[in-house]
Colleague: 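Sharing a structure with you now.
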Amino acid sequence: MTEKDNTLDQMDPDAGDYFGVPCTPEQARLVLVSVPWDVTAPTEAMLSYAPDAIIEVSERMDPYDPISPDEWKKGFATDDVDYTLQERSQQLRADVERLRAHTSKGGSGLGGIMAPLTDDYYARRQRRVEEGCRDMVAAVREVSRRWLRRDKVVGLVGGDHSTPQGLIEALAEREEGLGILHMDARCRLKARYEGFEHSCESLMYNVLKGVGGVGRVVQVAQRDFSATEHRVARESERIVLYDTDRIASMRYDGASWRQVCDTIVAELPQAVYVDFDVSALSIENCPHSPWAAPGGMRFDEALYMINRVVESGRRIVGFDVVGVVPRVEDYVDAQVAARMLYRLCGMALRSQKSND
């Protein structure tokens with residue numbers, strides 16, 4: 001091990017890791033897992049390139065966090081990026097595009113005696129996409145378990161919004177009654193989307209249906225969802241929805257942002273997972289996101305809400321940053337995500353004080 005590996009007093013901008021923190025995963029208190037996956041995301045999004053874009057942007061940051069100034073010295077480390085996931089994602093996206101084109105034409109293939117062959121062709125691609133998405137969830141679950149067994153705090157960088165499921169499953173095995181603070185423009189409560197069970201629009205539906213250790217999902221900043229999703233959120237005892245209309249009503253009735261945040265945080269149990277899609281923010285913070293919508297939180301408002309989780313004495317046991325669309329000509333989405341990721345790392349470690 002080199003002298004650099006033993007030193008946590010400065011950052012290395014050429015390290016090729018998130019923020020250039022000079023620390024190996026074995027040394028670190030917190031490990032960041034990258035999931036370059038975007039199989040069911042909109043065609044133009046290219047979210048599988050987000051982890052690399054965030055790493056590149058983060059190396060040029062002045063990474064100082066006034067609310068958690070020294071937490072990085074406990075070590076943020078970057079797990080090796082599994083680029084086989086990216087390759088598999090790109091292969092499956094080709095199947096998804098074929099299925100979308102087929103659906104847009106009314107699902108009609110060759111008629112007569114050839115019709116069963118056509119139907120089987122698309123059915124096999126549908127199955128292959130579903131199997132690939134399940135394999136991705138399993139892979140993320142296993143790498144998350146590996147680091148959790150070593151007593152690391154694990155953060156995830158996506159990728160689309162299907163990528164956190166494996167980490168949530170691994171955490172729910174250890175934290176009975178895990179709460180999820182889900183900050184997003186969308187509810188992600190669709191049972192299926194474009195025929196896919198494991199889509200980026202179905203994460204919360206799948207988590208609530210299949211992960212028994214999750215106690216409650218508190219959704220914040222949602223403003224683009226279906227009537228069915230709204231009904232599911234309203235009727236479920238495990239979901240609390242603070243969409244932008246509800247938050248606006250609270251503020252117009254005189255509540256301060258601190259009061260809004262503390263009301264929301266009070267809905268959460270002691271162990272909290274922060275699920276953060278950049279579309280939770282206002283459009284200028286994520287102009288290339290396919291899920292960006294009018295409304296949303298300012299960056300500082302979202303940061304303040306997460307910090308109120310820590311100030312309340314709750315533990316952030318894991319987190320993700322997903323939905324980031326990198327653009328070579330305009331890196332604003334990646335820049336915003338890198339800064340939120342850094343602040344989340346610091347706040348998650350600060351919330352572990354009683355254990356450290």
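Numbering starts at 1 and runs along the sequence shown.
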Colleague: I'd like to check Trp37 versus Val140 (side-chain heavy atoms, cut-off strictly below 4.5 Å). Are they in contact?
Modeller: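 Of all side-chain heavy-atom pairs linking Val140 with Trp37, none is under 4.5 Å.
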Colleague: Tell me every residue that passes side-chain hydrogen bond (donor to acceptor under 3.5 Å, both in side chains) with Glu169, counting only those two or more places apart in sequence or in another chain.
Modeller: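 side-chain hydrogen bond (donor to acceptor under 3.5 Å, both in side chains) list for Glu169, sorted by chain: Arg141, Gln165.
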Colleague: Only pairs under 3.5 Å count here: list side-chain donor-acceptor contacts from residues 241-248, not counting sequence neighbours, and write none if there are none.
Modeller:
residue : atom : partner : partner atom : Å
Tyr242  : OH   : Glu267  : OE2          : 2.9
Asp243  : OD1  : Asp245  : N            : 3.2
Asp243  : OD1  : Arg246  : N            : 2.8
Arg246  : NH1  : Leu241  : O            : 2.9

Colleague: Would you name the heavy atoms of Ile54 and Ala337 that are closest together and state the gap between them?
Modeller: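 Looking at all heavy atoms of both residues, the shortest contact is CD1-CB, 3.9 Å.
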Colleague: Please list, chain by chain and in numerical order, all residues satisfying side-chain hydrogen bond (donor to acceptor under 3.5 Å, both in side chains) with Glu201, sequence neighbours excluded.
Modeller: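 For Glu201, the residues satisfying side-chain hydrogen bond (donor to acceptor under 3.5 Å, both in side chains) (neighbours in sequence not counted) are Arg186, Trp291.
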Colleague: Where do Arg100 and Thr40 come nearest, in terms of heavy atoms and distance?
Modeller: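 Answer, listing the atom of Arg100 first, then Thr40: NH2-O, 3.1 Å.
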Colleague: If Ile, Leu, Val, Met, Phe, Trp and Tyr residues are connected whenever their side-chain heavy atoms lie under 4.5 Å apart, and connections chain through other members, are Met204 and Val322 in the same group?
Modeller: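 In one cluster: yes.
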Colleague: Hey, mind stepping through His161 and Leu47 against side chain to side chain contact (heavy atoms under 4.5 Å, CB included) and telling me if it holds?
Modeller: CA-CA 10 Å; His161 216 127; Leu47 277 71; over 6 Å; no
Colleague: Start with the C-alpha gap between Leu99 and Glu194, add the side-chain angles, then the distance that decides, and say whether side chain to side chain contact (heavy atoms under 4.5 Å, CB included) holds.
Modeller: CA-CA 9 Å; Leu99 288 162; Glu194 297 182 320; over 6 Å; no
Colleague: Is there a chain of hydrophobic side chains (I, L, V, M, F, W, Y, each step under 4.5 Å between heavy atoms) that links Leu181 to Tyr205?
Modeller: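 Result: no, two separate clusters.
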Colleague: With a 4.5 Å cut-off on side-chain heavy-atom distances among I, L, V, M, F, W and Y, is there a chain of contacts connecting Val57 to Leu344?
Modeller: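 Result: no, two separate clusters.
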Colleague: Check Ser279 against Asp184 and note the closest heavy-atom contact, atom names and distance.
Modeller: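 So the minimum-distance heavy-atom pair works out to OG-OD1, 2.9 Å.
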Colleague: Taking side chain as C-beta onward, heavy atoms only, is Tyr304 less than 4.5 Å from Cys261?
Modeller: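 The answer is yes, as the side chains (C-beta and beyond) meet within the 4.5 Å cut-off.
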Colleague: Looking at Leu156, is its backbone amide N or carbonyl O close enough to the side chain of Asp320 to form a donor-acceptor pair, meaning the two atoms are under 3.5 Å apart?
Modeller: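 The answer is no, because no donor-acceptor pair under 3.5 Å joins these two groups.
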Colleague: Using side-chain heavy atoms (C-beta onward) and a distance below 4.5 Å, is Leu189 in contact with Ile239?
Modeller: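 Contact flag for Leu189/Ile239 side chains = yes.
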Colleague: With a 3.5 Å distance limit and no angle check, can you tell me whether Glu130 reaches the backbone of Gln126 through a side-chain donor-acceptor pair?
Modeller: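 Here the side-chain-to-backbone pair does not exist.
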Colleague: Taking all non-hydrogen atoms of both residues, which atom of Val153 and which atom of Ala348 are closest, and how far apart?
Modeller: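 Shortest heavy-atom separation between Val153 and Ala348 comes out as CG1-CB, 4.3 Å.
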Colleague: Ignoring hydrogens and angles, tell me if any N or O in the side chain of Arg93 forms a donor-acceptor pair with the backbone of Asp38 under 3.5 Å.
Modeller: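 Pair found, side chain donor or acceptor close to backbone of Asp38.
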Colleague: Whether the side chain of Lys74 engages the backbone of Leu30 through a donor-acceptor N/O pair (distance < 3.5 Å, no angle test) should be reported.
Modeller: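 Side chain of Lys74 to backbone of Leu30: no pair is present.
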Colleague: Please answer whether the main-chain N or O of His288 pairs with a side-chain N or O of Asp333 as donor and acceptor at a distance below 3.5 Å.
Modeller: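 Judged by distance alone, yes, a pair lies under 3.5 Å.
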Colleague: Would you call Leu341 and Phe19 a side-chain contact if the rule is heavy atoms closer than 4.5 Å?
Modeller: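 Yes, their side chains come closer than 4.5 Å.
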Colleague: Would you call the rings of His102 and Tyr122 parallel, tilted or perpendicular, taking 30° and 60° as the class edges?
Modeller: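 Ring orientation, 0 to 90° scale: parallel.
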Colleague: Once side-chain hydrogen bond (donor to acceptor under 3.5 Å, both in side chains) is applied, do any residues pair with Ser226, and if so which ones, sequence neighbours excluded?
Modeller: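 Counting only residues at least two positions away or on another chain, Ser226 forms a side-chain hydrogen bond (donor to acceptor under 3.5 Å, both in side chains) with Glu229.
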Colleague: Less than 4.5 Å apart, any side-chain heavy atom of Trp147 and any of Leu32?
Modeller: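 Result no, sub-4.5 Å side-chain heavy-atom pair not found.
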Colleague: Minimum heavy-atom separation for Ala41 and Ala45, please, with both atom names.
Modeller: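 Smallest heavy-atom distance, with atoms named: CB-CB, 4.4 Å.
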Colleague: Has the side chain of Ser202 got a donor or acceptor atom that lies under 3.5 Å from a matching backbone atom of His198?
Modeller: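 No, the answer is negative, given that no donor and acceptor are paired below the 3.5 Å cut-off.
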Colleague: Heavy-atom distance under 4.5 Å between the side chains of Val309 and Met305, does that happen here?
Modeller: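 SC-SC contact between Val309 and Met305 ruled out.
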Colleague: Please tabulate, one pair per line, all N/O donor-acceptor pairs under 3.5 Å involving side-chain atoms of residues 170-180, not counting sequence neighbours.
Modeller:
residue : atom : partner : partner atom : Å
Glu173  : OE1  : Arg145  : NE           : 3.1
Glu173  : OE2  : Arg145  : NE           : 3.3
Glu173  : OE2  : Arg145  : NH2          : 2.4
Arg174  : NH1  : Leu148  : O            : 3.3
Arg174  : NH2  : Leu148  : O            : 3.2
Glu175  : OE1  : Arg315  : NH2          : 3.0
Glu175  : OE2  : Arg315  : NH1          : 3.4
Glu175  : OE2  : Arg315  : NH2          : 3.3

Colleague: Go through the steps to decide whether Arg314 and Ser312 satisfy the test side-chain hydrogen bond (donor to acceptor under 3.5 Å, both in side chains), and finish with yes or no.
Modeller: CA-CA 6 Å; Arg314 290 167 171 80; Ser312 73; 2.9 Å; yes
Colleague: So, Arg350 and Asn307: side-chain donor and acceptor under 3.5 Å apart, yes or no?
Modeller: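 The criterion, which ignores hydrogens and geometry beyond distance, is satisfied for Asn307 and Arg350.
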Colleague: Please give the remaining members of the hydrophobic cluster of Tyr252, linking ILVMFWY side chains under 4.5 Å, ordered by chain and number.
Modeller: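 Tyr252 clusters with nothing; isolated.
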Colleague: Verify, without hydrogens or angle tests, whether Ser89 (side chain) and Leu85 (backbone) share a donor-acceptor contact under 3.5 angstrom.
Modeller: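 Absent.
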Colleague: List, by chain and then residue number, the residues other than Met46 in its hydrophobic cluster (Ile/Leu/Val/Met/Phe/Trp/Tyr, side-chain heavy atoms under 4.5 Å); write none if there are no others.
Modeller: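 Met46 clusters with Tyr49.
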Colleague: Give the cluster check for Tyr193 versus Val232: same hydrophobic cluster or not, with ILVMFWY residues linked at side-chain heavy-atom distances below 4.5 Å.
Modeller: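 Looking at the clustering, Val232 is in a separate group from Tyr193.
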Colleague: Under the side-chain contact (heavy atoms from CB on, under 4.5 Å) test, which residues partner Thr84, sequence neighbours left out?
Modeller: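 Applying side-chain contact (heavy atoms from CB on, under 4.5 Å) to Thr84 gives Asp82.
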Colleague: Determine, step by step, whether Arg188 and Asp275 satisfy the salt bridge (Lys or Arg N to Asp or Glu O under 4.0 Å) criterion, reporting the C-alpha distance in whole Å, the side-chain angles of both residues, the deciding distance to 0.1 Å, and the verdict.
Modeller: CA-CA 11 Å; Arg188 314 288 173 180; Asp275 177 29; over 6 Å; no
Colleague: Would you call Thr163 and Asp160 a side-chain contact if the rule is heavy atoms closer than 4.5 Å?
Modeller: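 In contact.
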Colleague: Would you name the heavy atoms of Gly158 and Ala50 that are closest together and state the gap between them?
Modeller: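 Nearest heavy atoms, Gly158 then Ala50: O-CB, 3.5 Å.
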Colleague: Could you work out, with side-chain hydrogen bond (donor to acceptor under 3.5 Å, both in side chains) as the rule, every residue matching Ser34, not counting sequence neighbours?
Modeller: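 Residues passing side-chain hydrogen bond (donor to acceptor under 3.5 Å, both in side chains) with Ser34: Tyr18.
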Colleague: Should side-chain heavy atoms under 4.5 Å link Ile, Leu, Val, Met, Phe, Trp and Tyr, which residues sit in the same cluster as Tyr83?
Modeller: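 When side chains under 4.5 Å apart are linked, the cluster holding Tyr83 also contains Val81.
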Colleague: I'd like to check the ring-ring contact (aromatic ring centres under 6.0 Å, His included) partners of Phe225; sequence neighbours left out, ordered by chain and number.
Modeller: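 Result, ring-ring contact (aromatic ring centres under 6.0 Å, His included) vs Phe225: His230.
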Colleague: Would Val278 and Asn285 satisfy side chain to side chain contact (heavy atoms under 4.5 Å, CB included), going step by step from the backbone distance to the final call?
Modeller: CA-CA 8 Å; Val278 293; Asn285 289 284; over 6 Å; no
Colleague: Do Val157 and Val325 sit in one hydrophobic cluster, given that two such residues count as connected whenever their side-chain heavy atoms are within less than 4.5 Å of each other, even indirectly?
Modeller: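 Each belongs to a different hydrophobic cluster.
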Colleague: Counting only N and O atoms by type, is there a donor-acceptor contact under 3.5 Å from the side chain of Gln86 to the main-chain atoms of Pro36?
Modeller: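 No; zero donor-acceptor contacts below 3.5 Å.
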Colleague: Ignoring hydrogens and geometry, is there a side-chain-to-backbone donor-acceptor pair from Arg223 to Pro294 under 3.5 Å?
Modeller: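 Between the backbone of Pro294 and the side chain of Arg223 there is a qualifying donor-acceptor contact (under 3.5 Å).
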Colleague: State, with a plain yes or no, whether a side-chain heavy atom of Phe319 is found less than 4.5 Å away from one of Met347.
Modeller: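 A side-chain contact under 4.5 Å is absent here.
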Colleague: Determine yes or no for a side-chain-to-main-chain donor-acceptor pair under 3.5 angstrom, with Ser236 supplying the side chain and Arg238 the backbone.
Modeller: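 Confirmed, Ser236 side chain pairs with Arg238 backbone.
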Colleague: Suppose we screen for salt bridge (Lys or Arg N to Asp or Glu O under 4.0 Å). Which residues come up paired with Glu44, at least two apart in sequence or across chains?
Modeller: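 With sequence neighbours excluded, Glu44 shows a salt bridge (Lys or Arg N to Asp or Glu O under 4.0 Å) to no residue whatsoever.
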